[in-house]
Amino acid sequence: MFTFWEIVLQQFINGLVLGSFYALVALGYSMVYGIIKLLNFAHGDIYMAGAFTCLSVYSLISGYMPGWLGISLAMLAAILASAILGYIAQRVAYRPLLSAPRLSLLISAIGVSLVIYNAVMVMTNSKAMFFPGGINKSTGISYGHVTITYMQISLLAAAFAAMAALTVFISRTKLGKAMRAIAIDTDACYLMGINVNAVISFTFMLGSGLAAVAGGMYCVYYGNVQYSMGYLVGIKAFTSSVIGGIGSIPGAMLGGLLLGLLEAFGTQMLGSSWKDVFAFSLLILILAFKPNGLLGKPEVARM
Amino acid sequence: MKLRDRISSWLESKFIQAAASAALLAFMALLPLFTDNYYQNIVWNAFFYMLLALGLNIIVGYCGLCDLGYASKFAIGAYTTGILIKTYHWNFWATLPVSIIISIVSSVIIGLPTLKLRSDYLAIVTLGFAEIVRITARNLKITGAATGLIAIPRPTFFGIRLVKITHWYYVFLILVVIYIIISFRIRNSRFGRALAYIREDEDAAEAMGVNTSLYKLYAYVLGAVLGGVTGSFYAVKMTSISPGSFDFNQSVNVLLAVILGGMGKVPGVVLGAAFFALFPEFFRDIPVIGDMRMLFFGLLLIAVIIAKPQGLWPERNK
């Protein structure tokens, strides 16, 4: 039998892994929102497309090389594919509407989401795809009944490495500085000679790439992907970025991990059929009582 | 006056519009005399979508708020009526006020905290709320879990038991007419003008003394009530409801009907709803097109919103 503390520890590990998926997807949401104030509704579907690319590429090449190399290459391919997809979406559907009312931009994002979702649905015949075998998922370090698998450790390491790299990039590089500047005042950036459109495109590619990392991790961890997987993760990633304070990069990471942990413990207490209700009720409560999130700055502008 | 202007002003004259509406209504009222149950049911389905679209139009079209979970509004009405009839053996007509009250309460709970914030937060919150409603309906015993409620008894109306498809054709036709009248009455009222102001420029509306969060809440609650009533009628017409009837796709279909039809323009919304209800009927037998339907709608949505941000048949040109 599990003791109380063993359950707590095990759920903590599970929640951390789940939360790192949410955090990676939430980062893309938060960055895009920070820059052009768009709730990129298609972000969950870009994550799904990344997962599919990762799985397809890995299935193609896994026979010719060791597993870890195959996964790394597949992950790179997924990042590339999602970044391109994010760029196309931004270029075709969002850029013409940057000066239009905000509702138009949101509707356009719903359109992009419908296109990606249904394109993948038609391409895969509405069937789930499975990850080919050959990866050891069960061995790990055990302490009593609590187990953390080597796969969980490497996924967490990859997620934290990606988040650390992003933090350094945003705070130390010129491009990162330009992103922060656009978030504060877009018009001034035009006047200061910043290529605003290029930076916006780059932000979309970066966010989509991070979503693809999460998508690739998901398909390695759970072993299957299907066209509808982006929808729920999309809303939960949004919830994460609201918990952390939308527009805030560290907030998105914190919010994602927190939501993952809350969901793991919520599932333990209430049963898995209620876990989504738990996450969405949390979203409504946070918007009611702390709409700026944990790390967000209060916003004066309306609309 | 040029001939073209003359024709267009003639078309816009009140008399012609009234005559055309009367002719259309007479045609719809006489249609069941010439068609069988199959076609009546298809047209009934179009009526049903019109009711949903007219309700959502108050939120999206009149007020410019984005509601991505409209299915939850009509799910609330449908389940309220279904449970009261099945479990507590109420009369159908007595369940309508309850369904309205529950719609009001639930939309105030969702709308009050969210509508004070940026409008686009509402999109995700309504989406989340729709999932909460659907999952709750799937997990509770009183809502019949995943199978839903089945064999809901049909109501009577002045001694006639509404069992035939023709009955429901007329009930929903009357509802469509009522909803259209409500929509026009709202649009031409002080309240409707305030909503249009909020939609066009929220800051300016607020500066002119319109209590924007209050009016947005009114619009949201009103849309939810119309959706709830539609749901109540849907429950007794279908006699069975299940969580699957209220998923995200349903919300998206109604939203597409409102946006593509023309955001606020009542005839446009009605036409949009008819299009979305009838389109699958035409393309059902063609396998590839049937599957790619939503893909095509997604592309259409992006194209329309870029080329004509006010919808295909807008209320007013820019």
Side-chain angles (χ1 to χ4, degrees), chain A residues 33 37-39 41-42 89 92-94 96-97 100-119 121-122 125-126 228 231-232 234-236 238-239 242 246 271 273-289 291-292 299 301-303, chain B residues 60 64-66 68 109-110 112-114 116-125 127-136 138-139 145 199-203 206 212-213 248-249 252 255-256 259-260 263 288 291-307 309-311:
Chain A
Y33 191 87
K37 300 281 175 284
L38 161 72
L39 292 182
F41 200 76
V92 174
Y94 303 150
L97 291 166
R102 293 258 295 280
L103 185 65
S104 320
L105 204 54
L106 182 64
I107 291 166
S108 193
I110 295 170
V112 173
S113 165
L114 282 178
V115 170
I116 301 176
Y117 180 93
N118 286 285
M121 187 179 92
V122 171
N125 256 331
S126 319
S228 56
Y231 167 63
L232 265 184
I235 317 177
K236 287 189 182 160
F238 173 80
T239 309
V242 170
I246 195 156
S273 50
W274 290 103
K275 75 169 198 264
D276 295 336
V277 171
F278 187 72
F280 299 136
S281 313
L282 199 70
L283 171 67
I284 295 171
L285 284 178
I286 288 192
L287 284 179
F289 297 109
N292 295 312
E299 193 169 337
R302 268 185 306 271
M303 248 303 277
Chain B
V60 177
L65 301 168
C66 190
L68 290 179
I109 291 173
I110 295 303
L112 205 55
T114 345
K116 279 185 281 184
L117 305 168
R118 292 177 291 249
S119 301
D120 39 9
Y121 272 16
L122 186 73
I124 304 285
V125 171
L127 188 59
F129 179 65
E131 283 296 308
I132 293 178
V133 169
R134 198 175 61 83
I135 297 168
T136 307
R138 208 179 55 201
N139 287 335
R199 182 189 62 204
E200 298 298 326
D201 190 338
E202 193 174 340
D203 291 336
E206 176 123 26
T212 52
S213 8
F248 179 55
N249 280 333
V252 166
L255 186 71
L256 285 172
I259 290 170
L260 294 179
M263 301 241 246
V288 179
D291 289 345
M292 308 229 318
R293 187 174 94 234
M294 292 310 282
L295 180 67
F296 166 72
F297 284 151
L299 290 171
L300 187 68
L301 189 63
I302 299 170
V304 166
I305 212 73
I306 289 174
Q310 322 239 303

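Proteins come first, then strands; the chains are lettered A, B, ... in the order of their sequence lines, and each starts at number 1.
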Novice: Distance from Ile259(B) atom CD1 to Ile110(A) atom CD1, nearest 0.5 Å?
Specialist: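 Rounded to the nearest 0.5 Å, the CD1-CD1 separation comes out at 6.0 Å.
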Novice: Among Leu106(A), Ile107(A), Leu105(A), which residue meets the side-chain contact (heavy atoms from CB on, under 4.5 Å) test with Ile305(B)?
Specialist: Ile107(A)
Novice: At a heavy-atom separation under 4.5 Å, does Phe41(A) approach chain B through its side chain, its backbone, both, or neither?
Specialist: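 When you check distances to chain B, only side chain atoms of Phe41(A) fall under 4.5 Å.
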Novice: What I'd like to find out is whether the side chain of Val242(A) reaches to under 4.5 Å of the side chain of Ile124(B), using heavy atoms alone.
Specialist: no
Novice: Flag the pair Ile284(A) / Ile132(B) as yes when at least one side-chain heavy-atom distance between them is below 4.5 Å, and no otherwise.
Specialist: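 A side-chain contact exists here, since the closest heavy-atom pair is under 4.5 Å.
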Novice: Indicate yes or no: at least one non-hydrogen side-chain atom of Val277(A) is less than 4.5 angstrom from one of Asn139(B).
Specialist: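 SC-SC contact between Val277(A) and Asn139(B) ruled out.
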Novice: Look at Val60(B), Leu255(B), Ile135(B) and state which one has the largest set of heavy-atom pairs under 4.5 Å with chain A.
Specialist: Ile135(B)
Novice: How close do Ile302(B) and Ala93(A) get, heavy atom to heavy atom, and via which atoms?
Specialist: CG2-CB, 3.8 Å
Novice: Got a second to check how far Glu131(B)'s CD is from Leu283(A)'s CG, nearest 0.5 Å?
Specialist: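 These two atoms lie 12.5 Å from each other.
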Novice: Relative to chain B, which of Phe238(A), Phe278(A), Phe289(A) shows the most heavy atom pairs under 4.5 Å?
Specialist: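 If we count pairs closer than 4.5 Å to chain B, Phe238(A) comes out on top.
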Novice: Select one option (side chain, backbone, both, neither) describing which atoms of Thr239(A) are under 4.5 Å from chain B's heavy atoms.
Specialist: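 Neither the backbone nor the side chain of Thr239(A) comes within 4.5 Å of chain B.
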Novice: For residues Gly298(B) and Val115(A), report the shortest heavy-atom separation together with the two atoms involved.
Specialist: C-CG2, 3.6 Å
Novice: Between Val252(B) and chain A, which part of the residue has a heavy atom less than 4.5 Å away: side chain, backbone, both or neither?
Specialist: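 Val252(B) touches chain A through side-chain heavy atoms alone.
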Novice: Under a 4.5 Å heavy-atom cutoff, which of Val133(B), Leu127(B), Val125(B) has the most pairs with chain A?
Specialist: Leu127(B)
Novice: Side chain from CB out, backbone as N, CA, C, O: work out which of these in Leu112(B) comes under 4.5 Å of a heavy atom of chain A, or both, or neither.
Specialist: neither
